[in-house]
Amino acid sequence: QVHVVESGGGLVQAGGSLRLSCEGSGRTWSDHVIAWFRQAPGKEREFVSFINWSGGNIQYSDDVKGRFNLSRDNAKQTVRLQMNSLKPEDTAVYYCAAGPTLTFNPQLYDYWGQGTQVTVSS
């Protein structure tokens, strides 16, 4: 059983930065792919980034590539999403998810956090 909890969301002005954390629990934490998704009001949940168990394979969506950075510390059971140069379009609820394989499909992730709100003002 894996549990994930997001934190670090908040209100920031355009151009600013936030760091989101996903803290996990469970003995199989290190075996899971960890992904970030986001969902804005009226929109479908969209892929942001994922990282494999070793941290050697990381993928970003085109919308965030070059601005966001994902890292993983299995010893601390933590995944961090550093968000820089934030835009109003980044406003959404951000979710951390854990799953068995590298995939862009949110339906294939087994465990989800509660979400953390990120609001970027213009």
Side-chain angles (χ1 to χ4, degrees):
Q1 189 72 31
V2 176
H3 296 275
V4 291
V5 179
E6 307 96 333
S7 63
L11 175 64
V12 65
Q13 292 185 341
S17 298
L18 285 173
R19 185 174 65 197
L20 305 184
S21 294
C22 176
E23 297 186 357
S25 62
R27 294 183 179 181
T28 61
W29 167 259
S30 297
D31 297 329
H32 283 76
V33 172
I34 303 298
W36 285 93
F37 293 84
R38 66 186 183 184
Q39 188 166 21
K43 296 184 178 181
E44 295 183 353
R45 188 166 298 187
E46 66 175 346
F47 169 79
V48 175
S49 182
F50 63 52
I51 186 169
N52 76 327
W53 70 271
S54 68
N57 289 322
I58 304 174
Q59 181 69 58
Y60 303 94
S61 71
D62 290 338
D63 291 336
V64 307
K65 187 176 297 184
R67 299 187 297 119
F68 291 9
N69 185 54
L70 190 66
S71 61
R72 180 170 188 165
D73 187 340
N74 288 332
K76 298 181 179 180
Q77 296 186 343
T78 301
V79 170
R80 297 181 178 88
L81 182 67
Q82 179 66 45
M83 308 164 65
N84 302 313
S85 301
L86 285 164
K87 306 174 181 179
E89 302 93 282
D90 295 317
T91 296
V93 177
Y94 284 70
Y95 296 92
C96 180
T101 60
L102 294 169
T103 178
F104 300 101
N105 187 353
Q107 292 183 293
L108 300 182
Y109 287 85
D110 300 315
Y111 307 101
W112 292 82
Q114 81 287 350
T116 185
Q117 177 70 49
V118 172
T119 303
V120 184
S121 62
S122 59

- prompt: Which other residues belong to the hydrophobic cluster containing Leu108, where Ile, Leu, Val, Met, Phe, Trp and Tyr are joined when side-chain heavy atoms lie under 4.5 Å apart, directly or via other members?
  reply: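 Its cluster partners, ordered by chain and number, are none at all.
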query: Linking Ile, Leu, Val, Met, Phe, Trp and Tyr by side-chain heavy atoms under 4.5 Å, what else ends up with Val33?
result: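 For the cluster that includes Val33, the remaining residues are Phe37, Phe47, Phe50, Val93, Tyr95, Leu102, Phe104, Tyr109, Trp112.
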message: Determine whether a donor-acceptor pair (N or O, by modelled atom type, separation under 3.5 Å) exists between the side chain of Arg72 and the backbone of Asn52.
response: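 Flag set: sc Arg72 to bb Asn52 pair under 3.5 Å.
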Do [X] and [Y] come within less than 4.5 Å of each other through their side chains, counting heavy atoms only?
| X | Y | value |
| --- | --- | --- |
| Asp63 | Glu89 | no |
| Met83 | Val12 | no |
| Gln117 | Glu6 | no |

Can you tell me how far the [atom1] atom of [X] sits from the [atom2] atom of [Y], to the nearest 0.5 Å?
| X | Y | atom1 | atom2 | answer |
| --- | --- | --- | --- | --- |
| Ser122 | Gln13 | OG | CD | 9.5 Å |
| Asn69 | Ile58 | CG | CD1 | 6.5 Å |
| His32 | Thr101 | NE2 | OG1 | 10.5 Å |
| Arg80 | Asp73 | CZ | CG | 6.0 Å |
| Glu46 | Arg38 | CD | CZ | 4.5 Å |
| Tyr94 | Cys22 | OH | SG | 15.0 Å |

For [X] and [Y], which heavy atoms make the closest approach, and how far apart are they?
| X | Y | result |
| --- | --- | --- |
| Ala14 | Pro88 | CB-CD, 4.1 Å |
| Leu70 | Ser49 | CD2-OG, 3.1 Å |
| Ala98 | Val4 | CB-CG1, 4.5 Å |
| Glu23 | Thr78 | CG-OG1, 4.0 Å |
| Leu81 | Phe68 | CD1-CB, 4.1 Å |
| Val64 | Val48 | CG2-O, 3.7 Å |

- prompt: If you group Ile, Leu, Val, Met, Phe, Trp and Tyr by side-chain heavy-atom gaps below 4.5 Å, do Trp53 and Tyr60 land in one group?
  reply: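 No: no chain of side-chain contacts under 4.5 Å links Trp53 to Tyr60.
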